[in-house]
Amino acid sequence: MSIQSSREVILLAHGSGGRLGHELVEERFLPLLTNPALDKLDDSAILEAEGRLAFTTDSYVVNPLFFPGGDIGKLSVCGTVNDLSMSGARPLYLSLSLIIEEGFPLNELDRILRSIGAACQEAEVNIVTGDTKVVGRGQADRLYITTSGIGVVPPQVDISGANASVGDKVILSGTIGEHGIAITSQREGLQFSVPVQSDCAPLNRLVARMLEASPSIHCLRDPTRGGLASTLNELARQSQVGIAVEEDRIPVREEVTAACELLGFDPLHVANEGKLVAIVGPDDADAILARMKETRYGVDAAIIGEVSNRYPGKVLMKTKLGPSRIVDMLSGELLPRIC
Amino acid sequence: MKFIDEYQNAELARSLARRIASHSTRRISLMEFCGGHTHAVLRHGIRQLMPDTIEMRSGPGCPVCVTATTDIDRAIALAHLPGAITATFGDIIRVPGSHSSLQQTRAEGADIRVAYSATDALAMARANPDRSVIFIAIGFETTAPTIAASIAKAREEEIDNFYVLSLLKLTPPVMRALLDLGEVKLDGIIGPGHVSVVIGARPYEFIPRDYGVACVISGFEPLDILLAIDRLVEQVESHQPRVEIAYSRGVRPEGNTSALRLMNKVFEADTANWRGIGSIPESGLKIRDRYASFDAARAFSVSPEPVREPRGCICGDVLRGVATPPQCKLFGQACTPERPVGPCMVSSEGACAAYYQFAGVESLETGS
């Protein structure tokens with residue numbers, strides 16, 4: 001691939017199906033995302049899969065496109081890989097659709113594609129089909145991405161937000177709030193910088209290790225927008241159980257605590273892109289936790305609470321001072337678009 | 001973490017709570033003036049640590065909450081001006097005015113941006129020299145100095161497209177107004193921490209002197225608040241009300257004199273309209289004549305429609321400490337953080353939002 005000048009930009013013609021569009025695919029997309037299914041460039045990819053399939057889709061409109069610890073490309077792969085992983089599925093294939101505003105710099109597109117390629121490599125998934133559309137200036141805010149994903153669910157796995165039962169343990173895979181704070185710190189007009197990187201990461205290997213320890217994980221969910229508080233509330237409502245957690249046991253990095261103090265945020269409400277919450281039977285908890293701690297994205301994992309029959313549908317947190325209070329879902333926060 | 005963990009130490013908190021319980025014999029009523037205090041009290045479960053003798057009430061110290069509907073309407077009218085960029089602090093954009101909110105106005109096409117400080121708004125003015133940037137300034141003495149600084153800076157740089165709508169308010173006059181109303185019998189006030197960093201402790205001396213009410217200035221961490229309550233109980237029990245600083249790492253008796261000087265250079269005291277309380281003389285900050293060209297109230301003439309207050313909302317009573325949020329018929333039903341009817345449900349410092357978000361376990365048992 002030739003080195004491009006930073007002045008080269010996306011033109012409407014890149015999306016018109018003509019020569020420029022073909023050049024875009026062949027010179028920029030294929031070298032970075034190559035795999036047999038994609039390389040054929042047929043109208044649809046023909047795929048092999050056996051067993052129960054998991055299928056998911058998500059769109060990414062994060063602003064800014066580049067942030068500490070990642071960019072929209074990495075996010076669009078990790079987000080969909082993680083959605084599949086939260087059903088216990090092994091992610092296999094992704095689709096990739098881009099909507100690009102006319103005038104978008106090609107060097108930034110290359111940077112995003114490289115990051116998509118690297119994330120796919122880490123997560124061991126392939127982009128097998130894709131599409132690019134270009135819209136006129138002002139008709140989109142720079143670049144949007146949609147990815148869909150297919151994965152295979154192992155036979156004995158049955159994970160759902162409705163499966164939590166009384167006595168289960170609640171495991172959190174690591175420190176919370178980093179993605180939301182990293183994005184907020186980059187926000188236009190916000191004169192503030194923190195040494196916090198987004199935690200954006202593919203969690204499929206972590207989940208695979210957890211399922212090796214015990215295939216009978218009850219619930220898995222990634223606390224993205226709305227943070228840990230919203231995820232715990234969703235699980236409590238879906239399973240009609242109470243969830244009791246302890247503030248002391250929830251890991252939060254100092255920099256995140258400090259930024260939250262400054263901005264008036266509650267870390268429980270701040271977004272994550274590389275964390276998961278698992279609800280598991282009490283007899284499996286220690287083994288699963290031990291296996292999580294051996295992995296890159298689970299070293300800070302901790303049991304933060306348990307499922308009870310008190311106050312079904314509610315999440316209670318024992319504060320550091322001792323009393324318990326209700327933890328509610330996030331309601332309307334003024335963060336920029338974060339995923 | 002340094003300077004946060006130390007003030008959240010559970011052992012110390014429990015021993016302070018025990019001490020408060022052991023020397024509190026009379027039934028007393030304390031008001032936490034600041035929304036930030038209400039928020040911290042509920043978030044950390046401090047109410048549950050208090051003995052039955054101590055009743056805690058929320059006060060009017062939430063700048064978003066005390067902004068009158070008529071002022072929200074005025075901000076919305078300004079945002080409709082052709083070519084204007086309206087900048088303001090986050091929460092205010094969600095507060096319902098008579099007919100709309102800034103958030104809704106933004107969805108309808110007005111250019112309304114959230115700023116974290118007036119300096120950010122000034123930067124918007126620099127970056128958009130052909131447009132009028134109007135900063136909707138809300139807040140107490142805490143935010144006033146930085147807003148004054150941005151106006152002084154705009155003068156220095158000869159920026160002619162930067163305007164401020166000052167809805168800034170002063171805390172001692174509203175405290176006096178509440179005590180004069182006499183609707184709630186207060187024994188002590190947890191004085192505002194951040195405001196006092198700027199104005200110091202002296203402006204509160206009328207509280208014990210004229211009203212016999214104790215006043216202890218507090219920080220916002222759990223131990224700060226517990227210490228303040230401990231000092232208030234001690235003052236009330238010994239019948240020696242006075243102004244005390246329990247936040248000495250932030251507050252000096254004389255305040256921050258350079259911040260005050262800057263504030264006085266740009267602003268002067270003027271009558272202000274408080275939601276739920278009404279018009280209070282000398283309780284707001286108006287831009288001085290010599291900076292009149294930066295005053296959005298004078299630069300633009302807008303005529304909002306007649307004010308319509310939200311029906312059934314008791315934010316005014318909550319702000320005066322007369323009612324608690326769960327006593328409102330709308331609370332948690334027609335009025336939630338997603339669909340707020342009144343401002344106290346909007347702001348993170350609002351009492352209703354804090355009660356809604358951080359309700360204690362007891363609320364599940366009583367169903368309130």
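Below, chains carry the letters A, B, ... as their sequence lines are ordered, and counting in each starts from 1.
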Given heavy-atom pairs under 4.5 angstrom as the criterion, report whether the side chain, backbone, both or neither of B:L42 touches chain A. backbone
Is it the case that atom CZ in B:R339 sees more than 12 heavy atoms from other parts of the structure closer than 6.0 Å? no
Could you list all the side-chain hydrogen bond (donor to acceptor under 3.5 Å, both in side chains) pairs where at least one residue sits in residues 35-46 of chain B, not counting sequence neighbours? B:E32-B:T38
Selection from A:G322, A:P323, A:A229 maximising heavy-atom pairs under 4.5 Å formed with chain B: A:P323
Between B:E221 and A:E261, does a side-chain contact (heavy atoms from CB on, under 4.5 Å) hold up when you go through it step by step? CA-CA 10 Å; B:E221 294 301 330; A:E261 288 282 331; 3.4 Å; yes
Contacting region of A:K318 [heavy-atom separation from chain B under 4.5 Å]: neither
Between A:L321, A:V327, A:T319, who has the most heavy-atom pairs with chain B when the cutoff is under 4.5 Å? A:L321
Using a 3.5 Å distance criterion without hydrogens, assess whether the side chain of B:Q357 forms a donor-acceptor pair with backbone atoms of A:D328. no
Taken to the nearest 0.5 Å, the spacing of B:Y356 OH from A:I326 CD1 works out to 9.5 Å
Shortest non-hydrogen pair, B:A10 vs A:K320, comes out as CB-O, 3.0 Å
